[in-house]
Amino acid sequence: METVSFLFAGISSALDLTILLSTILGAILGLLIGALPGLGPAAGVAIMLPVAAGLGGVSAIACLGGVYYGAMFGGAITSILLGIPGDAPAVMTTLDGYPMAKKGQAGRALGMSVFSSFIGGIFGVTGLVLLASPVAKMALAFGPTEMTAIMCFALSLLSVLGGRNIIKGFVALGIGFWLGCVGLDPIAGITRYTFGTSHLFDGFDFSIIAVGLFGLTAIFTTLEVSVDKPAASYSFRSLMPRIPDAIVSRWQLLIGSILGFFIGVLPGVGGTAATMLSYGLAKRTSSKPKLYGTGIVQGVAAPESANNSASYASMIPLFSLGIPGSATTAVLMGGLLMVGLQPGPLLFVEQPEFVWSVFGSFVVGNIALVFLTLILTPLLASALYVPIGYLYPIVVSIVVYGVFAIDFNMYNVTVAIVAGVVGLILKKLDYPAVPLILGLVLGPLLERNIRRTLIQSQGDLSVFIERPISLLFFIATLLVLLLPFGMKYLKRQKDGR
Amino acid sequence: MTLQNLDRLIAGILILFGGWLIVSGLKMGVMQGYVPGAGLFPVIIGTGIASLSVINLIRAFAGFEKLSEGMSMKSLFQAIVIIAILLAVVISVPFLGLTLSTFIAMLLVGIVIQIKMNLRSSILLLSVSIVTAVGCRLLFQGILNVPVPTGFLGF
């Protein structure tokens with residue numbers, strides 16, 4: 001009951017004109033970013049980070065949140081109309097959405113995509129509202145030992161499941177850890193890896209690295225993207241969600257929302273895996289599985305509800321534990337830090353109004369996106385035909401201005417460019433960027449917690465396995481690390497048969 | 001240089017980098033009595049990076065490493081030129097100011113990316129660059145109160 005009253009208070013403050021406009025602005029930009037192939041939610045939030053931070057407080061996070069879930073809505077538009085996924089989680093939507101468009105049912109597919117995104121979003125935001133606060137309350141009792149174990153679990157999950165090459169995932173994590181070491185060591189009081197420059201005394205600003213690693217790298221790696229296929233035809237009226245379609249897809253909506261939520265909570269798994277699993281499960285539990293892939297609304301409902309539910313679920317570890325589980329939530333964490341707030345359990349105690357206003361803006365944004373997507377779909381579809389020769393110069397200008405605005409110096413722009421170049425090399429060599437950025441964010445926290453624990457235990461390492469919660473998470477970490485070997489063993493057994 | 005050779009080179013560099021982290025961490029001090037020193041974490045990180053990179057290097061030489069995507073020479077050239085343009089912006093801001101520097105950079109980036117340059121696309125690119133440069137200045141200086149650097153022309 002207390003949660004409901006907090007949420008209503010949050011929705012009420014989210015309807016404040018400034019916050020509402022920020023939410024809508026973020027949602028529109030997110031729709032555009034999601035619709036454009038190449039620029040995903042992480043790149044979009046990273047590019048908008050310095051600009052949105054200028055809005056301050058709730059407005060900044062409402063805007064960045066809007067970009068995130070707006071991109072989740074927008075990704076489906078190009079998948080359905082052109083067969084080109086706007087972002088990775090929209091890949092599964094292409095399987096049935098595009099065949100529907102080719103059959104002349106583009107409007108029907110788009111309508112179902114909006115409706116299922118809304119249902120998944122509402123399910124996800126409800127779960128976020130109900131679970132974030134209790135998890136934060138529980139986390140208040142955690143000491144440095146438990147936090148060390150939770151972070152090890154989250155980072156191992158992320159590195160094992162986050163990329164194609166697990167070894168390279170851990171190397172990227174190590175590089176991120178090292179970047180996090182740069183600057184003044186708060187415990188020993190000495191500087192590390194500053195190479196004599198005063199710029200590095202406070203370490204690397206995480207948000208600048210994120211802009212380079214996700215924003216600029218996305219530009220460098222999508223220079224070959226071109227859109228030259230004709231769009232499928234549809235009428236505005238046909239975009240309206242249909243009740244019979246909603247009824248026929250009710251189980252797929254439920255499967256997608258629930259599965260998306262639980263997968264979204266896990267660090268490193270993310271929206272893409274949620275869409276794949278929910279599509280697979282929806283197909284497996286269907287009485288007519290062979291129809292999947294031929295262009296049916298159920299094939300759009302399952303992945304779309306899953307990726308939107310997952311996007312909100314991924315914010316639970318961020319807000320309640322201060323541990324981002326994906327690239328986008330890591331960048332979002334940068335936004336929270338830039339407005340002077342440290343995400344984690346104490347945020348719910350010290351800034352409850354802020355937290356509930358942000359959650360309220362998520363509810364408002366999710367509802368607003370239904371109308372925005374329906375109204376803007378024709379515009380978003382045509383935006384695809386804007387050549388990158390006009391689009392990327394705008395993005396480059398915003399990035400330069402935005403990064404300069406963080407600390408009012410051009411040194412940061414140089415750092416962002418270098419991060420962009422490093423991001424390009426890493427991407428081409430299959431080193432995932434997500435562990436690197438999370439290593440940079442969580443490395444200093446992990447180091448501090450390890451050292452605090454060892455100081456308290458007088459150097460005794462057994463303390464990490466003496467506490468039950470810590471032991472539980474370390475066992476889980478071990479299982480995650482052994483997972484690839486187990487999978488390989490099972491595959492060999494299967495192939496042997 | 002092929003992508004495979006670059007992969008081997010980076011793995012080699014990372015082995016050396018890991019080694020350097022271990023040495024620098026040991027110099028900072030791993031443990032001072034019961035108190036973990038500033039070098040503990042770098043030593044752990046260095047050991048991890050170096051040992052995993054050895055595995056990567058072996059995999060790369062053994063041909064186990066299958067890189068997912070390459071990059072065409074044209075795209076690589078475009079990316080390098082865009083990086084150079086961005087670095088030129090950093091150098092030129094004290095003389096030209098941020099607005100003029102980004103305006104010129106936008107034009108150059110547009111020219112590099114555009115496939116066909118004709119009168120129509122040139123006018124369009126010029127218009128987009130002017131509107132964005134003015135818009136960014138108004139947004140950042142006027143609304144967000146960012147002290148945007150000015151150049152010799154006074155803006």
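Here is how names work: the chains are called A, B, and so on, in the same order as the sequence lines, proteins then strands, and each is numbered from 1.
Atom CZ of Phe408(A) has more than 12 heavy atoms from other residues, nucleotides or ligands within 6.0 Å. Within 6.0 Å of atom CZ in Phe195(A), more than 12 heavy atoms from other residues, nucleotides or ligands are found, so the atom counts as buried in its surroundings.
You'll find the side chain of Leu107(B) stays beyond 4.5 Å of the side chain of Pro393(A), heavy atoms only.
Using a 4.5 Å cut-off between heavy atoms, Arg59(B) contacts chain A through its side chain alone, with no backbone atom that close. For Val51(A), the parts lying under 4.5 angstrom from a heavy atom of chain B are both the backbone and the side chain. Both the backbone and the side chain of Ser121(B) come within contact range of chain A, judged by heavy atoms closer than 4.5 Å. Ile417(A) touches chain B through its side chain: at least one heavy atom from C-beta onward sits under 4.5 Å away, while N, CA, C and O do not. Heavy-atom distances place no part of Ala50(B) under 4.5 Å from chain A, backbone and side chain included. For Ser101(B), no part lies near chain A; criterion is any non-hydrogen pair under 4.5 Å. Both the backbone and the side chain of Val90(B) come within contact range of chain A, each with at least one heavy atom under 4.5 Å from a heavy atom of that chain. At a 4.5 Å heavy-atom cutoff, Ala105(B) makes no contact with chain A through either its backbone or its side chain. Residue contact with chain A, scored on non-hydrogen atoms closer than 4.5 Å, is absent for Ile85(B).
The CG atom of Leu40(B) lies 7.5 Å from the CD atom of Glu447(A); values are rounded to the nearest 0.5 Å. Within the model, atoms CD1 of Ile219(A) and CG of Leu86(B) stand 8.0 Å from one another, a figure rounded to the nearest 0.5 Å. Separation of atoms CG (Leu55(A)) and CD1 (Ile143(B)) is listed at 9.5 Å; rounding is to 0.5 Å. Rounded to the nearest 0.5 angstrom, Thr191(A) OG1 and Met28(B) CE are separated by 8.5 Å. Separating the CG atom in Asp7(B) from the NZ atom in Lys168(A) is a distance of 3.5 Å, to the nearest 0.5 Å. Rounded to the nearest 0.5 angstrom, Asn56(B) CG and Phe170(A) CZ are separated by 12.5 Å.
Between Trp178(A) and Phe17(B), the ring planes are perpendicular. Angles over 60° get that label, and only those under 30° would be called parallel.
With chain A as partner, the option from Ala11(B), Pro147(B), Pro149(B) having the largest number of non-hydrogen pairs under 4.5 angstrom is Pro147(B). Of all the listed residues (Ile175(A), Val418(A), Val396(A)), the one sharing the greatest number of non-hydrogen pairs under 4.5 Å with chain B is Ile175(A). The choice from Leu108(B), Leu76(B), Ile55(B), Val109(B) that makes the most heavy-atom pairs within less than 4.5 Å of chain A is Val109(B). Of all the listed residues (Thr102(B), Leu98(B), Ile83(B)), the one sharing the greatest number of non-hydrogen pairs under 4.5 Å with chain A is Leu98(B). Contact count versus chain B (heavy atoms, under 4.5 Å) is highest, among Phe177(A), Tyr390(A), Phe220(A), for Tyr390(A). Note on Val35(B), Val93(B), Val128(B): by heavy-atom pairs under 4.5 Å with chain A, the leading option is Val93(B).
Nearest heavy-atom pair, Pro42(B) versus Tyr193(A), reported as atom, atom and distance to 0.1 Å: CB-OH, 3.2 Å. Scanning all heavy atoms of the two residues, the minimum distance from Leu125(B) to Gly389(A) falls at CD1-O, 3.7 Å. Among all heavy-atom pairs drawn from Tyr34(B) and Gln458(A), the shortest one is CD2-O, 2.7 Å. Between Leu6(B) and Ile425(A), the shortest heavy-atom distance links the atoms CD2-CG2, 4.5 Å. The two residues Leu52(B) and Ile167(A) make their nearest non-hydrogen contact at O-CG2, 3.6 Å. Summarising the geometry of Met31(B) relative to Gly459(A), their closest heavy-atom pair is CE-CA, 4.4 Å, with the distance given to 0.1 Å.
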Applying side-chain contact (heavy atoms from CB on, under 4.5 Å) to Met410(A) and Val89(B), what does each step give before you reach the verdict?
CA-CA 9 Å; Met410(A) 291 305 288; Val89(B) 169; 4.2 Å; yes

Please report the C-alpha distance between Ile10(B) and Tyr431(A) in whole Å, then the side-chain angles of each, then the deciding distance to 0.1 Å, and finally whether the side-chain contact (heavy atoms from CB on, under 4.5 Å) criterion is met.
CA-CA 11 Å; Ile10(B) 295 292; Tyr431(A) 285 88; 4.2 Å; yes

